[in-house]
Amino acid sequence: MPEMLAAYAEVVGQDVITHLQQLARPLKGMKVVHVNSTRVGGGVAEILEKLVPLSNELGIDTRWEVISGNEDFYRCTKAMHNGLQGHRTPIADSLLKAYEEVNRKNAEQLRPQLEEADFVFIHDPQPAPLLGLCPNRRGRWVWRCHIDASRPYRPLWRYLRGHISPYDASIFSLPAFAQSLPHPEYIIAPSIDPLSEKNIDLDAAELDEVRRRFELDPDRPLILQVSRFDRFKDPVGVIEAHRLARKFVPGLQLVLAGGTATDDPEGDMVLQEVRQAAGDDPDIKILLLPPDAHRTINALQRASDIVIQKSTKEGFGLTVTEGLWKGKPVIGGDTGGIRLQVVNYHTGFLVRTPEGAALRIRYLLYRRDRMVEMGAKARQFVRENFLLTRHLREYLTLIVGLLHGAQYRIELA
Ligand code: UDP
């Protein structure tokens, strides 16, 4: 068996791989192209990084193309991202022109490949106009939305809808995000890659090294939230929860791990608020990690007793999946994609306030038996629902469905 498939079989079981091979057999040689706007950074790139080679191993000729833009283009698409998530900010016509112009330029290069592909997956709004720029396309085109589009800013959605309506289908991560469109809509949740640096098993020595590096005491309990310094992730609420829980759990340590403040002015502001809330408490560590610190994050997640993701709004929450996969119960905000992953009382607890989070932290740390039991369920839940292999299976099923509709029969070997 090819190398990657064999490695995944070890994690998910041979049945899952056999199922993928059965689905892929009639699609062999088919040309599939994925298009997004970045090769590195962000969940979409992380997913495509492995999804593309894996589908190639299954015999489907899969490519990954990245469109490139200019400053105005990225300003426009950032505003679109915010607008889809509900920010009510109009986008200037000049930026929309830049958006369309960049797509026109990219289409010049990509057109031959896209027009002859059997299947094209366009990820998020950035490359959405490409379909309209490939008039001689012969394949099926699918728009894949990774964003929480449950309450988009209406004028923006009316504009984007013009680009998206002509697609053959669209995919959203949760039913609540789906929009009214004149074509079939599919719900496919994102996934993590169990064999990536972020998720691969680590030995105890590596966890010890990370504890030493960040001066974490192995003999005292540790809770962790990994996330960008963003108000929707509620890092200040996590500090509040830590403070409340510590009254009952002396010595409780908290790590807030996030990216280094870049050009995001709001990120800087939130980081200041977080630093202020933490004061000079030696048991709260605020870590600014480089974007490629995947193994460090992996080790921190494994070294903690509980993973927290106290967001007040969350598209999916890959950090939740990552925590669950490491056998940790997750205490998560009762919102968006966290609700899909944190099954209350089974894989973790859903909370709405710092007080609620503190109560659950205290409960779990006093009931180690429950923590172990929930952690085991958490890992199993991710194994069954949120790994890359499930994600690819659903893409293949969608391809088969769109190509052959109800007449199709899979021939079992
Ligand atoms: N992440 C990271 N470094 C950081 C903060 C986050 O590598 O400093 C990773 C995190 O492990 C996860 C992803 O970035 O894989 C964040 O995805 P999520 O869906 O949780 O949130 P988003 O940032 O997309 O809102």
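As the structure is a prediction and not an experimental result, all values here were calculated from the model. Whatever order the structure lists them in is the order used to number ligands and atoms, beginning at 1.
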**Message:** Can you tell me how far apart CG (Leu156) and CZ (Arg88) are? Round to the nearest 0.5 Å.
**Reply:** 11.5 Å
**Message:** Show the atoms of ligand 1 that are less than 4.0 angstrom away from any heavy atom in Lys198.
**Reply:** 7 (O), 9 (C), 10 (C), 11 (O), 15 (O)
**Prompt:** Would you say Arg75 has more than 12 foreign heavy atoms packed within less than 6.0 Å of its CZ?
**Reply:** no
**Asked** Taking only heavy atoms of Arg228, which atoms of ligand 1 are found under 4.0 Å from at least one of them?
**Response** 22 (P), 23 (O), 25 (O)
**Prompt:** Which atoms from ligand 1 have a heavy atom of Glu314 less than 4.0 Å away?
**Reply:** 21 (O), 25 (O)
**Message:** Glu322 versus ligand 1: do any nitrogen or oxygen atoms come within less than 3.5 Å of each other?
**Reply:** yes
**Message:** Do Asn36 and Trp64 pair up side chain to side chain, a donor and an acceptor below 3.5 Å, judged on atom types alone?
**Reply:** yes
**Prompt:** Are Glu384 and Gln380 close enough that a side-chain donor and a side-chain acceptor fall under 3.5 Å?
**Reply:** yes
**Prompt:** Is there a nitrogen or oxygen of Gln301 sitting under 3.5 Å from a nitrogen or oxygen of ligand 1?
**Reply:** no
**Complete:** Residues pairing under salt bridge (Lys or Arg N to Asp or Glu O under 4.0 Å) where one sits in residues 158-184, two or more places apart or in two chains, turn out to be none
**Item:** Gly259: numbered ligand 1 atoms lying under 4.0 Å from its heavy atoms
**Value:** 4 (C), 8 (O)
**Prompt:** What about Leu318: any of its N or O atoms under 3.5 Å from an N or O on ligand 1?
**Reply:** yes
**Close N or O approach (Thr319, ligand 1; < 3.5 Å)** = yes
**Request:** Can you sort out which atoms of ligand 1 are near Gly317, meaning under 4.0 Å from one of its heavy atoms?
**Result:** 19 (O), 20 (O)
**Geometric N/O contact Glu46 with ligand 1, under 3.5 angstrom** = no
**Asked** Does Pro291 reach ligand 1 with a nitrogen or oxygen that is under 3.5 Å from one of the ligand's nitrogen or oxygen atoms?
**Response** no
**salt bridge (Lys or Arg N to Asp or Glu O under 4.0 Å) assessment of Arg137 paired with Glu116** = CA-CA 6 Å; Arg137 61 187 182 279; Glu116 66 143 26; over 6 Å; no
**Prompt:** Using the ring of each side chain (for Trp, its six-membered ring), is Tyr99 parallel, tilted or perpendicular to His163, with breaks at 30° and 60°?
**Reply:** perpendicular
**Message:** Angle between ring planes, Phe386 versus Phe381, binned at 30° and 60°: parallel, tilted or perpendicular?
**Reply:** perpendicular
**Prompt:** Does ligand 1 have an atom under 4.0 Å from some heavy atom of Gln309?
**Reply:** no
**Request:** Could you list all the salt bridge (Lys or Arg N to Asp or Glu O under 4.0 Å) pairs where at least one residue sits in residues 143-155, not counting sequence neighbours?
**Result:** Asp148-Lys313
**Asked** Side chain, backbone, both or neither: which part of Ile297 comes within less than 4.0 Å of ligand 1 when only heavy atoms are counted?
**Response** side chain
